[in-house]
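Please read these numbers as outputs of a predicted model, since none were measured by experiment. Chain naming here is simple, since letters A, B, ... match the order of the sequence lines and numbering starts at 1 in each.
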Amino acid sequence: MHELTFFRTWLPVIYLYGVGGIIFFSGMVVIFKAKTIKRERQRHQRWIKILYFGFFYYLLLHVFLTYAALNF
Amino acid sequence: MEQVIHTSPMFWIIIVGYFALILGFGSYFARYNKDTNDFFFSGRRFSWWLITMSIVATGVGSHSFLKYSAKAFEHGFSSTMTYMNDWFFVPFFLFGWLPIVYYTRIRSIPDYFERRFNRNVRILATIAILGYMIGYIAIGFLTMGKTLQPLLGWDLWTIIWVVAIIAGIYITFGGQTAVIFTDLAQGFVLIFAGILIFMLGINYLGGFDIFWNALPPDFKLPLAHFNKPANFNFVGIFWQDGVAGSVGFLFMNQGLIMRFMATKSVNEGRKAAAFNILLLLPISTVVTSNAGWIGKAISIVTPEAWDATVKLDHVFTQVAALVTTSEVVFAFIIAAVAAALMSTVDTLINAVAAVVINDIYRPIIKDRDEKHYLKAAMFISAGATLLGVITTSFFDNFPTLYEAHGFFHSTMTPPLVIAIFLGIFWKRYTTLAAVATFIVGAYLMWLGNAYPAFLIGPFDHGIQMNPEHPYSYIRALYNTLVCLTSGVLFSFIFTRKVEVRIEIYTAKVVANARAYFNKHDANATSTRDIYYVVWGGFCKIVNSFVKNAASDEKLDGITVWTLDKARELFKGSMPNDEPGLEPIVRWKIEESDESFMRFAQNQMEEMAANVGDLVYVSDKRKWLGGLKSAHSVYAEPHHEDGVVYLTPDLVDAGQFVQGRLLRAEKEM
């Protein structure tokens, strides 16, 4: 078992959503620039929301689970 | 020595019965296979929910109860990492790769490489993808052997051979529709079985509080330590699984791509993928890992009940045997897991057959009827099964299945992943750069494998090198970077303008060499002969790679920047995106040799459809998930409200039932 240092607790979360975030937002920029997702289409507006929701949903899930492991 | 878990004949009756039931279920739907399109792609007809549930069984089976239970027992809740890091690439997939695959009607991933580059790049991609899939099949067989070993006490290889024979027979006769329906049933069963284990485990321990409080905080963290130990650390697994694995699974897993191509539309494919990643993957991770957590808690709370000699890959079976009080429940859980593994393997065997038939066999043996190709697909399925078994011995050398899988992903996926990725998202990526990604990238990866401390070391993020299996996970970062660098660098050096010049120059050298040898006296050799043999031969090879590679028209519809063109080519005219309703109609037959659907004028207006637009009709009963459905085009309307006239080929393809109502939707 490891000691609960920063390397064990929060650094992985920061790295995951830092590097993962760069990948995710690059993807969003590419699909907007390539116009494969079109803001004017109602169905695509819903997809834009789902894409952002998915990113923050997983971010919050990992933050919550880390907090719960350390405090409960 | 680990003990064999004792079982009665009743246990084996349930196992065999479960398999018979699930195989029978799949085989019933195999009758929907009319040609290779149905055998491989199920005729582009299914609803998102059916596909997403069938993906569960493929995903859960491939990642396996055994693998995650072992890591969960050793390292705790961080075994969930690999299931919860897939969202980063979803924008690229949903609005990049998925529509390209669907609209261009690509039959296999190598097919994409031929359209984007040329035939020679397709061959390189075929080799890479077959290696990837055969490796995956081998890991599936090994997992299966390790699941059953503690129960049977047989030699691992005997079990693998028996399993391979059953899997081979099933897929050979079933095809993709059978696999989808078998997986659909198993998706539900697997989730149920995994949750059942968790509940029984909590009950065995005496309640959730006892389970939670028995485990130390370190064990309960959702992500592993940043860079320790070498065989399980966050940063290595992020690059191996979160990057190489996620992109590999979404972008180059032929089995998964075939599932998405079986959906009735791109939007349904998007829904299937999003629902799977957002909801079913977090559930699946608990389903596959919880036996390890329960096992750990049991080993702390009641150490006398826990067999301390148990191998890590046998933790799942050990926990299932302990927490299930009845042999019937134990048999059901083992059968569900074994059948899921079978599903994963079956999907991959079917995918190998698709690649071999479409990328190797069909271009060589042309103009045969569909029955011939279907028969060949069956033989290839059997051959892929055999090759998978033989490859298993390589992966058996790793300490655990998890590490075997990690090494496999880190090594096999980067060249293909980078080539696909740059091909889709970067228009300037050239044919010679794609070749360099495969060849130069593979060479640099080999160098990294030979000198890991020197080459992979600088990227290790502080992970200690294990000399026996150096950098099993973080090598994915090095491998991805060298393939990416090769691709980008060569694209800048060999731009499309340069490729055209090379094509002209090499064609000239080849023509000169031919002319020289035609006039030449075969008995007299000179240095000029050597020049034309060596340089002419080299130019011929280079020419075959750059031939017809550089034209803007070739990029139409196959990069993310030209996707509107793909939709246009798919339809054959400008898409009609005006939103419309989905009327319910009765159907009648209209005799014709052509294929079309004729709706009433009022329904055409409701659907905002024009003559020539694409239309999809399905049985009104939504729970069928599109099993009885067909695609076609709108013909000139009539005036009989609420009725659609279908041509006989569509009635046959859709297997519509006389008297049953249909739901109609405009596609585009």
Side-chain angles (χ1 to χ4, degrees), chain A residues 1-38 40-44 46-72, chain B residues 75-78 80-81 84-96 99-100 212-213 215-229 233-235 237-239 242-243 246-247 267 270-271 274 277-278 281-282 424-426 461-462 559-564 566 577 579:
Chain A
M1 287 289 141
H2 302 284
E3 279 179 48
L4 295 175
T5 60
F6 180 63
F7 270 60
R8 178 68 193 94
T9 54
W10 292 104
L11 181 60
V13 181
I14 294 166
Y15 191 98
L16 181 63
Y17 289 94
V19 179
I22 291 170
I23 297 168
F24 175 79
F25 288 103
S26 308
M28 293 301 292
V29 169
V30 168
I31 61 174
F32 277 126
K33 282 192 105 177
K35 293 180 182 152
T36 62
I37 197 160
K38 294 179 171 71
E40 63 274 17
R41 268 194 216 157
Q42 210 176 357
R43 189 183 266 180
H44 284 196
R46 210 178 309 140
W47 276 114
I48 295 169
K49 284 179 196 155
I50 293 169
L51 286 168
Y52 286 124
F53 167 78
F55 180 80
F56 291 105
Y57 158 77
Y58 271 113
L59 170 64
L60 290 175
L61 196 63
H62 273 120
V63 168
F64 169 74
L65 290 172
T66 306
Y67 184 80
L70 296 174
N71 295 285
F72 297 108
Chain B
H75 300 286
F77 292 5
S78 51
T80 59
M81 277 190 305
M84 307 229 296
N85 59 14
D86 289 300
W87 196 256
F88 306 127
F89 286 95
V90 166
F92 291 106
F93 179 71
L94 295 191
F95 286 88
I100 288 174
W212 184 261
N213 294 327
L215 303 172
D218 175 46
F219 192 89
K220 290 185 279 196
L221 282 165
L223 300 172
H225 187 285
F226 186 71
N227 54 15
K228 284 179 197 164
N233 53 76
F234 163 78
V235 72
I237 290 166
F238 171 74
W239 284 102
V243 177
S246 293
V247 183
N267 201 52
R270 285 181 184 137
K271 281 193 221 168
I277 298 173
L278 283 177
L281 282 189
I424 302 167
F425 297 105
W426 197 32
H461 287 69
T559 74
V560 76
W561 308 96
T562 53
L563 208 51
D564 282 340
D577 292 318

Output a table of donor-acceptor pairs, distance under 3.5 Å, between side-chain atoms of residues 63-72 of chain A and any protein atom two or more places apart or on a different chain; print 'none' if there are none.
from	atom 1	to	atom 2	distance (Å)
A:Thr66	OG1	A:His62	O	2.7
A:Asn71	ND2	A:Tyr67	O	2.9

task = Could you look at B:Asn233 and say if it's the side chain, the backbone, both or neither that has a heavy atom under 4.5 Å from chain A?
result = neither
query = Would you find a donor on one side and an acceptor on the other, under 3.5 Å apart, between the side chain of B:Arg270 and the backbone of B:Pro99?
reply = no
ask   = Taking only residues two or more places apart in sequence, or in another chain, which ones meet A:Arg43 in a side-chain hydrogen bond (donor to acceptor under 3.5 Å, both in side chains)?
value = none
task = Mark yes or no for whether B:Trp87, through its side chain, and A:Tyr58, through its backbone, hold a donor-acceptor pair below 3.5 Å.
result = no
note = Honestly, the part of B:Leu94 sitting under 4.5 Å from a heavy atom of chain A is side chain
query = With only heavy atoms counted, which part of A:Tyr57 is less than 4.5 Å from chain B, the side chain, the backbone, both or neither?
reply = side chain
ask   = Heavy-atom distance under 4.5 Å to chain B: side chain of A:Leu16, backbone, both or neither?
value = both
message = Tell me which of these, B:Pro217, B:Pro222, B:Ser78, B:Gly96, has more heavy-atom pairs under 4.5 Å with chain A than the rest.
response = B:Pro222
inquiry  = Please report whether the ring centroid of A:Phe24 lies less than 6.0 Å from that of A:Tyr17.
reply    = no
key: Heavy-atom contact with chain A under 4.5 Å, split by part of B:Phe88   = both
key: B:Leu223, part contacting chain A, at a heavy-atom distance under 4.5 Å   = both
ask   = Parallel, tilted or perpendicular: which describes the rings of B:Trp212 and B:Phe77, with under 30° parallel and over 60° perpendicular?
value = tilted
note = Pair count under 4.5 Å, heavy atoms only, with chain A: among B:Val235, B:Leu563, B:Leu221, highest is B:Leu221
Under 3.5 Å: donor-acceptor pair, side chain of A:Lys35, backbone of A:Phe32 = no
ask   = Does any heavy atom of chain B fall under 4.5 Å from the side chain of A:Ile22, the backbone, both, or neither of them?
value = neither
request  = Go through B:Leu215, B:Thr562, B:Thr559, B:Asp577 and name the one with the most non-hydrogen pairs under 4.5 angstrom from chain A.
outcome  = B:Asp577
Parallel, tilted or perpendicular: ring planes of A:Phe7 versus B:Phe226, cut at 30 and 60 degrees = perpendicular
query = Relative to chain A, which segment of B:Trp239 carries a heavy atom at a distance below 4.5 Å: side chain, backbone, both, or neither?
reply = side chain
request  = Please look at B:Phe238 and chain A and tell me whether the side chain, the backbone, both or neither of the residue comes under 4.5 angstrom of a heavy atom of that chain.
outcome  = side chain
